Amino acid sequence: MNCCSELTNKYDGKSVKDIPELQSKLEELDTDYKNWITIFKCSVCSQIWIEKYKSTGHGDVPEVYKHNE
């Protein structure tokens, strides 16, 4: 079991900076600026997290979720 296993699998409407329990532990690995996707890794347990933005009629809405390999 890793430290991220106790966290929810997906955060709708929040970016990494809006999630205190993740913000301090995640390291940015890669960013795809064209598709608005950033990949992070937990510095404690190595869980991979994805932050992406979905374009809606009223702006871009973030979501953060665990990447399960």
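One-based numbering along the sequence shown. Since we're looking at a predicted model, the values are computed, not measured.
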Please check if the side chain of [X] supplies one atom and the backbone of [Y] the other of a donor-acceptor pair under 3.5 Å.
X: Asn35; Y: Asp32; result: no
X: Thr31; Y: Thr38; result: no
X: Lys66; Y: Cys4; result: yes
X: Glu51; Y: Tyr65; result: no

Spatial distance of atom [atom1] ([X]) from atom [atom2] ([Y]) [nearest 0.5 Å]:
X: Leu7; Y: Cys42; atom1: CG; atom2: SG; result: 8.5 Å
X: Cys3; Y: Lys25; atom1: SG; atom2: NZ; result: 3.5 Å
X: Lys14; Y: Leu22; atom1: NZ; atom2: CG; result: 10.0 Å
X: Thr8; Y: Glu21; atom1: OG1; atom2: CD; result: 9.5 Å
X: Ser46; Y: Glu27; atom1: OG; atom2: CD; result: 8.5 Å

On a heavy-atom basis, which atom in Trp49 and which in Asn9 lie closest, and how many Å separate them?
CZ3-O, 4.3 Å
Which atoms form the tightest heavy-atom contact between Gln23 and Val16, and what is the distance?
CB-O, 3.7 Å
Listed by chain and number, what are the salt bridge (charged side-chain N to carboxylate O under 4.0 Å, His left out) partners of Lys10, not counting sequence neighbours?
Asp12, Glu63
Among Ile48, Asp30, Leu26, which residue meets the side-chain contact (heavy atoms from CB on, under 4.5 Å) test with Lys41?
Ile48
Using a 4.5 Å side-chain heavy-atom cut-off and chaining through intermediate ILVMFWY residues, the residues clustered with Tyr53 come out as Trp36
Look at the side-chain heavy atoms of Ile, Leu, Val, Met, Phe, Trp and Tyr, link any pair under 4.5 Å apart, and say whether Tyr11 and Val61 land in one connected group.
no
